[in-house]
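Have a look at the structure below before the remarks.
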Number of protein chains: 2
Amino acid sequence: MRRGRAPGPKRQQNETRILKAAEEVFATAGFSGARTAAIAKRAGVPKANLHYYFGTKEVLYRRVLENILEVWLHLGDSIRPDADPAQALAAYVAAKIGFSRRRPHASKVFANELLHGAPQIRGYLRQELKRWVDAKSKVIDAWVAQGLLAPVPAKHLFFLIWAMTQTYADFDLQIAAVLGRKRIAPADYQDAAALITRLLIGLKVPP
Amino acid sequence: MRRGRAPGPKRQQNETRILKAAEEVFATAGFSGARTAAIAKRAGVPKANLHYYFGTKEVLYRRVLENILEVWLHLGDSIRPDADPAQALAAYVAAKIGFSRRRPHASKVFANELLHGAPQIRGYLRQELKRWVDAKSKVIDAWVAQGLLAPVPAKHLFFLIWAMTQTYADFDLQIAAVLGRKRIAPADYQDAAALITRLLIGLKVPP
DNA sequence: GTCTATATATCGATAGAC
DNA sequence: GTCTATCGATATATAGAC
């Protein structure tokens, strides 16, 4: 009946399960360390299905990455020219830390991709991400021009915010070990967000 | 003549070359993505030599990691109770950023190990590193008690300093792409160190 | 100690039955 | 569309000549 157009509900469910499983396995093992057998097992489907749906391991990996990049850029929506700098930056930090807490696997897949030469997302970095940072940096510069913020190299400010917020997902094991815990607790993310925000507020020029 | 005690000079030279090559290959490919053939080729030795010297790929990897961890903990020597907080933190940031610039491969190997469950350095994280942070945090707390620094969760402060300084090694490709460069320039590291230091100085209590 | 040539294992991918 | 059984490629590790 269905002439191969819209995928059946079972296939759609399976694809979603596979993508979720793949994100977890790619996060903990990296691309080359990930085993398609492990992904299939975790998703609860036969390994052949995975290849039938996605073709190759690399295509599946790209799909996982695309899902992540889609969310990424929208986390900075609070940074607008008419917003209050302190509030906007605090909201951005909260959004980024929240993403690290809710989707640590996504952050790790992205980190791993970057770490190993970004073979799949070169274009994204040079196009979409660069444009995003260029635009947001103009907002920061405008705040500086208005005397709301001390002069600051805007792009580096974003690099540091990314680093500080993502470290709680990417290097959670190190943080947990140093804190003497088995894993990071919700309160730790709050402490982190508060401290990061405090550091950034130091750039604010008092009225 | 030599009854197998001290290794000959050629062997020592080869081991050094292999370790250097291994650090580079592990950094760009991760443990599972690294090929022993690639390491041997880059080191200029036959692949069988590599196994003769180190036994297995995993042992070689551990040796690379040990070399890195050895340097790590000494970078914080400026953080002492009798030091000036602002100067000590600035020196620590400079040391960490300098390490990221001089030995980006080392930083990436470490990041990759952390990212993927830290199977080889669990003990290091829970023992040496935890003790280091516990000790340095007491220094920070003492500065706070003396009214030199605003109250701050000391351990999180270290997590953030690590994140900010290492991001310029680990995610250099992202930074270069956003800056519209092929690679990060020396001036970028200076800009980074200056901004990180400024953020931290914001914690200083004015005299 | 060094190196070439090869064994053994693992994993991504697919053929073919249902 | 789904799944079992298997192929072929690739990579670690080693045997054995020099």
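Within every chain, numbering begins at 1; the chains are lettered A, B, ... in the order of the sequence lines, protein sequences first and strands thereafter. Note that the structure is predicted; figures quoted are calculated from it, not measured.
- Taking atom CG of B:Leu50 as the reference point, atom C1' of D:dT12 lies 11 Å away to the nearest angstrom.
- Residues passing the side chain to side chain contact (heavy atoms under 4.5 Å, CB included) test with B:Thr165 are B:Val93, B:Lys96, B:Ile97, B:Ile161, B:Ile196, sequence neighbours excluded.
- In this structure, A:Lys130 pairs ionically with A:Asp134, as a charged nitrogen and a carboxylate oxygen lie closer than 4.0 Å.
- The separation between B:Leu60 atom CG and D:dA13 atom C1' is 14 Å, rounded to whole Å.
- Backbone-only contact: A:Tyr53 has heavy atoms under 4.0 Å from sugar-phosphate atoms and none from a base.
- With rounding to whole Å, B:Tyr61 atom OH is found 15 Å from D:dT12 atom P.
- Note: CG (B:Asn49) to C1' (C:dA5) measures 15 Å, nearest angstrom.
- Using a 4.0 Å cut-off, no side-chain N or O of A:Tyr52 falls inside it from OP1 or OP2 of D:dT2.
- Taking the centre of each ring, A:Trp132 and A:Phe158 come in below the 6.0 Å mark.
- Put simply, CZ on A:Arg11 is 7 Å from P on D:dT2, counting in whole angstrom units.
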- Item | Protein proximity profile, nucleotides 6-13 of chain C - base contact B, sugar-phosphate-only contact S, no contact -, cut-off 4.0 Å on heavy atoms | -----SBB
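- Note: CD1 (A:Ile18) to C1' (D:dC3) measures 13 Å, nearest angstrom.
- Between the NZ atom of A:Lys41 and the P atom of D:dC3 there is a distance of 17 Å, rounded to whole Å.
- Checking B:Arg17 against B:Gln13 by side-chain atom types alone, no donor-acceptor pair falls below 3.5 Å.
- Judged purely by atom type and a 3.5 angstrom limit, A:Asp188 uses its side chain to pair as donor or acceptor with the backbone of A:Ala185.
- A straight line from CZ of A:Arg17 to P of D:dT2 spans 13 Å, rounded to a whole angstrom.
- A ring-centre distance under 6.0 Å is not found for A:Phe171 and B:Trp162.
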